[in-house]
Structures are given as structure tokens and as C-alpha cells.
A.B. asks: 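What follows is a single structure, and I will ask about it in a moment.
When a residue number appears, it is its place in the shown sequence, counting from 1.
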Amino acid sequence: MRLRHRTRPLMMVCAGVTAAASLTACSSSSGTSASGAQSSTLQTVIKRGTLNVASCLTFPPFGSLSKDNKPQGFDVDVAGAMAKALGVKVKVVDTTSANRIPNLQTKKVDAVVCNFTTTAERAKQVAFSDPYIVAGEVLLVKKSSGIATIKDLSGKTVAVTKGSTNGDAVKAGNPAAKIQEYDTSSAAVLAVKQGQADAMVEDSNFLNFQAKQDPSLKVTKDSVVPLEYNGIGVQLGDATWLQWVNTWLREFNTSGESAALYKKWFGVDRVFPLTPSY
């Protein structure tokens with residue numbers, strides 16, 4: 001929220017406090033909190049003692065339920081790290097892709113950490129943090145296939161999921177490739193394992209997880225489409241909250257904690273850098 005301009009500037013007094021609480025420590029000479037900080041989700045979360053985060057718990061390894069029915073996954077761990085930095089508990093709310101934006105708009109959650117690709121169209125309704133994970137659309141193949149790039153797909157059968165744009169992307173990059181559609185990503189992965197398809201195109205992070213489960217498979221490095229940058233979604237218009245998320249995220253990414261969690265869940269080091277290049 002943007003502060004209103006006043007005809008007479010107010011003297012601000014800031015006490016020395018921790019980073020998470022510093023935004024609450026600045027007050028005017030009259031003793032009242034600055035209106036922007038007062039209305040921010042940041043203050044609400046700290047006062048409540050719980051950070052409510054929406055994550056997709058049906059998309060491992062980003063999110064799933066453990067054998068004892070507890071949330072787990074890369075996005076779940078990111079949400080937990082975020083809550084720890086705030087000094088609060090985390091409550092993970094299971095969501096679908098379609099409900100990510102409504103959950104923010106209705107204030108059901110304070111943030112969305114759910115493989116949320118940043119786009120200009122979505123940014124009309126929600127605000128995005130800086131990237132915390134990057135995805136490309138890459139190839140899953142057998143290690144013995146000899147396939148390394150899209151150029152190697154001439155005359156080969158490529159499995160894609162129905163309704164995705166991956167088939168068009170492959171055809172644009174190599175018109176000699178043969179496209180075979182499957183109802184689900186799991187079915188397409190199985191087709192590669194059973195030799196019904198020579199390769200599969202899908203989100204690089206998802207495919208890295210599949211390769212981790214089966215040592216006969218590997219993931220190629222080249223993306224067949226432009227990279228997708230995923231951010232943490234927050235409610236539109238809350239500049240204070242977004243600033244805190246981005247400040248924490250910078251520390252999270254540069255400290256090595258983010259990279260360690262990625263290796264834990266996907267089984268490999270990051271393939272693509274978090275900072276976009278043009």
C-alpha cells in the first residue's frame with residue numbers, strides 16, 4: 001500500500017530490531033505505526049504466529065503427502081524455510097493450479113509456493129517474487145539412446161502430454177520428429193521406459209525427479225522452449241510483504257540452502273541459473 005503524501009513531514013524513529021520485525025519498529029513522532037506497515041501481510045503473519053502457504057500436494061517432488069499424511073516436497077520445504085525466517089509456524093494448504101490465484105485474492109493464504117510460473121497475464125491479479133526455481137522443457141531419454149538434443153529426434157517418437165504445447169515445440173525445432181500423445185505425464189514416462197517412445201518432453205524439474213527414480217534414464221540439458229521462471233505468489237498491492245519475501249529469498253538463494261533443497265528433492269544440481277539472461 002502506498003503512503004499518502006503529507007504537507008508536513010513526520011519525524012520517523014526506528015528502534016534497533018531484528019530484520020523480520022524491523023518494519024514494525026519504525027513509528028512517527030506521534031507513536032503510531034506507519035500505515036503501509038500496519039496493513040501489511042507481514043505484520044499479520046508475525047502477529048498470528050503462522051504463515052499460511054498454498055502448495056500443490058499432488059505434484060511430486062514439488063509437493064505430495066507422506067505415508068503419514070504430512071505435506072512434503074521441495075515447495076513445502078521452501079515454505080518451511082520462509083516461516084522459520086519469520087519466526088513463525090507454517091500451515092500448508094493443499095491447492096490446485098486453478099485455485100492458486102483465488103486463494104490469494106480471498107486471503108485464504110498469505111503466499112503461494114506451488115510451481116507458479118511468472119507471466120505478465122497472471123501479474124495482473126497477483127504479485128510475484130523473484131525466481132526461486134527455473135524450469136525448461138527438456139527431454140527424458142534412456143541413457144543408451146544417444147539422444148542429446150532436439151536435433152537427434154529425427155525419425156524418433158516423442159511422448160508428450162495431451163493438451164500441452166510440447167508437441168508443437170518439438171515440431172518447430174525438428175519437423176522430422178514423430179509426436180505421440182498420452183493422457184498423463186506418468187503414462188508418457190512409462191512409454192519411454194518400455195521403449196514405446198524414444199523421448200519425452202516435460203518440465204525439467206519433474207523429469208529430473210523421474211531420472212532420480214530410475215538410473216536407466218537421463219535428462220538432456222537443452223530446453224526445447226524458453227525457460228520458465230517460477231516465483232512465490234503474494235497478494236497484489238502489498239509492497240511491504242513483497243519486499244520482505246524478496247529480501248528473504250535473496251538470502252535463501254545465495255546462502256546455498258535453496259540449492260541444497262533442490263539437490264535433496266530432484267537428485268541433481270540446478271541446470272539453469274536463477275537470474276535470467278537476455
Side-chain angles (χ1 to χ4, degrees), residues 55-64 73-75 95-101 114-122 131 133-231 262 265-273 276:
S55 287
C56 303
L57 301 182
T58 56
F59 191 54
F62 287 96
S64 63
F74 177 75
D75 282 346
T95 189
T96 63
S97 295
N99 285 332
R100 290 177 298 192
I101 291 176
C114 174
N115 199 34
F116 209 179
T117 303
T118 62
T119 69
E121 185 62 30
R122 287 173 175 168
I133 192 168
V134 182
E137 297 297 318
V138 294
L139 302 174
L140 178 73
V141 299
K142 287 186 176 180
K143 289 181 177 178
S144 58
S145 68
I147 297 173
T149 71
I150 195 171
K151 295 179 180 179
D152 299 323
L153 296 178
S154 297
K156 305 292 186 181
T157 299
V158 183
V160 300
T161 306
K162 288 181 179 178
S164 73
T165 59
N166 292 333
D168 293 337
V170 171
K171 277 295 187 181
N174 189 340
K178 301 175 183 178
I179 306 301
Q180 179 64 50
E181 292 188 329
Y182 292 85
D183 289 330
T184 66
S185 295
S186 297
V189 171
L190 185 61
V192 175
K193 290 182 178 181
Q194 295 180 343
Q196 298 171 0
D198 300 293
M200 177 196 176
V201 181
E202 187 52 274
D203 176 290
S204 59
N205 301 303
F206 172 77
L207 292 186
N208 281 328
F209 179 71
Q210 300 301 319
K212 178 183 177 182
Q213 306 303 308
D214 189 335
S216 71
L217 302 175
K218 72 174 184 178
V219 176
T220 61
K221 294 183 178 181
D222 289 346
S223 181
V224 301
V225 298
L227 296 181
E228 299 174 342
Y229 294 87
N230 296 340
Y262 187 94
W265 287 104
F266 297 102
V268 296
D269 293 326
R270 292 185 187 274
V271 177
F272 306 112

A.B. asks: For the backbone of Val134 and the side chain of Asn230, can you confirm whether one donor and one acceptor N or O come within less than 3.5 Å of each other?
C.D. replies: no
A.B. asks: Ignoring hydrogens and angles, tell me if any N or O in the side chain of Thr118 forms a donor-acceptor pair with the backbone of Tyr229 under 3.5 Å.
C.D. replies: yes
A.B. asks: Would a 4.5 Å heavy-atom cut-off, applied to side chains only, mark Pro61 and Phe266 as touching?
C.D. replies: yes
A.B. asks: For the CD atom of Gln194 and the NZ atom of Lys142, what is their distance to the nearest 0.5 Å?
C.D. replies: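 If we round to the nearest 0.5 Å, Gln194:CD and Lys142:NZ are 9.0 Å apart.
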A.B. asks: Looking only at heavy atoms, what is the nearest atom pair of Thr157 and Gln180, with distance?
C.D. replies: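 Of all heavy-atom pairs spanning Thr157 and Gln180, the closest is CG2-CB, 3.8 Å.
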A.B. asks: Considering all heavy atoms of both residues, which atom of Ala199 and which atom of Leu139 are nearest to each other, and what is their separation?
C.D. replies: CB-CD2, 4.5 Å
A.B. asks: Answer yes or no: is there a donor N or O on one side and an acceptor on the other, between the side chain of Glu137 and the main chain of Asp203, under 3.5 Å?
C.D. replies: yes
A.B. asks: Side chains of Thr95 and Cys56: closer than 4.5 Å at any heavy-atom pair?
C.D. replies: yes
A.B. asks: Should Asn208 and Tyr262 count as side-chain neighbours, where that means a heavy-atom distance under 4.5 Å?
C.D. replies: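 SC-SC contact between Asn208 and Tyr262 confirmed.
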A.B. asks: Using 0.5 Å steps for rounding, measure from the NZ atom of Lys218 to the NZ atom of Lys143.
C.D. replies: 9.0 Å
A.B. asks: When you measure from the side chain of Lys212 to the backbone N and O of Val268, does any donor-acceptor pair fall under 3.5 Å?
C.D. replies: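 No; zero donor-acceptor contacts below 3.5 Å.
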A.B. asks: Given the rule in the side chain to side chain contact (heavy atoms under 4.5 Å, CB included) test, do Ser223 and Phe272 qualify, once you have shown the distances and angles that lead to the verdict?
C.D. replies: CA-CA 10 Å; Ser223 181; Phe272 306 112; 4.2 Å; yes
A.B. asks: For the pair Asp198 (side chain) and Val141 (backbone), establish whether a donor and an acceptor sit closer than 3.5 Å, ignoring hydrogens and angles.
C.D. replies: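 Side chain of Asp198 to backbone of Val141, a donor-acceptor pair under 3.5 Å: no, none is there.
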A.B. asks: Take Gln210 and Glu202 through the side chain to side chain contact (heavy atoms under 4.5 Å, CB included) test and state the conclusion after the steps.
C.D. replies: CA-CA 11 Å; Gln210 300 301 319; Glu202 187 52 274; over 6 Å; no
A.B. asks: Exactly one of Val189, Asn115, Val219 should register a side chain to side chain contact (heavy atoms under 4.5 Å, CB included) with Phe206. Which one does?
C.D. replies: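 With Phe206 as partner, side chain to side chain contact (heavy atoms under 4.5 Å, CB included) holds for just one option, Val189.
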A.B. asks: Using a 4.5 Å cut-off on heavy atoms from C-beta on, say whether the side chain of Lys193 contacts that of Leu217.
C.D. replies: yes
A.B. asks: Which value, rounded to the nearest 0.5 Å, describes the distance between Leu140 atom CG and Ser145 atom OG?
C.D. replies: 9.5 Å
A.B. asks: Test Ile101 against Phe116 for side chain to side chain contact (heavy atoms under 4.5 Å, CB included), laying out the working first.
C.D. replies: CA-CA 10 Å; Ile101 291 176; Phe116 209 179; 3.8 Å; yes
A.B. asks: Would you mind reporting whether Val224 and Asn166 have side-chain heavy atoms less than 4.5 Å apart?
C.D. replies: no
A.B. asks: Under 3.5 Å, is there a donor-acceptor pair linking the side chains of Asn174 and Ser154?
C.D. replies: yes
A.B. asks: Search all heavy atoms of Asp75 against all heavy atoms of Cys114 and return the closest pair with its distance.
C.D. replies: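 Of all heavy-atom pairs spanning Asp75 and Cys114, the closest is OD2-CA, 3.3 Å.
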A.B. asks: Taking all atoms of both residues into account, what is the closest heavy-atom pair of Asn205 and Ala135, and its distance?
C.D. replies: ND2-CB, 3.4 Å
A.B. asks: How close do Val138 and Leu207 get, heavy atom to heavy atom, and via which atoms?
C.D. replies: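 So the minimum-distance heavy-atom pair works out to O-CD1, 3.4 Å.
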A.B. asks: Go through the steps for Ile133 and Arg270 under the test side chain to side chain contact (heavy atoms under 4.5 Å, CB included), then give the verdict.
C.D. replies: CA-CA 9 Å; Ile133 192 168; Arg270 292 185 187 274; 4.1 Å; yes
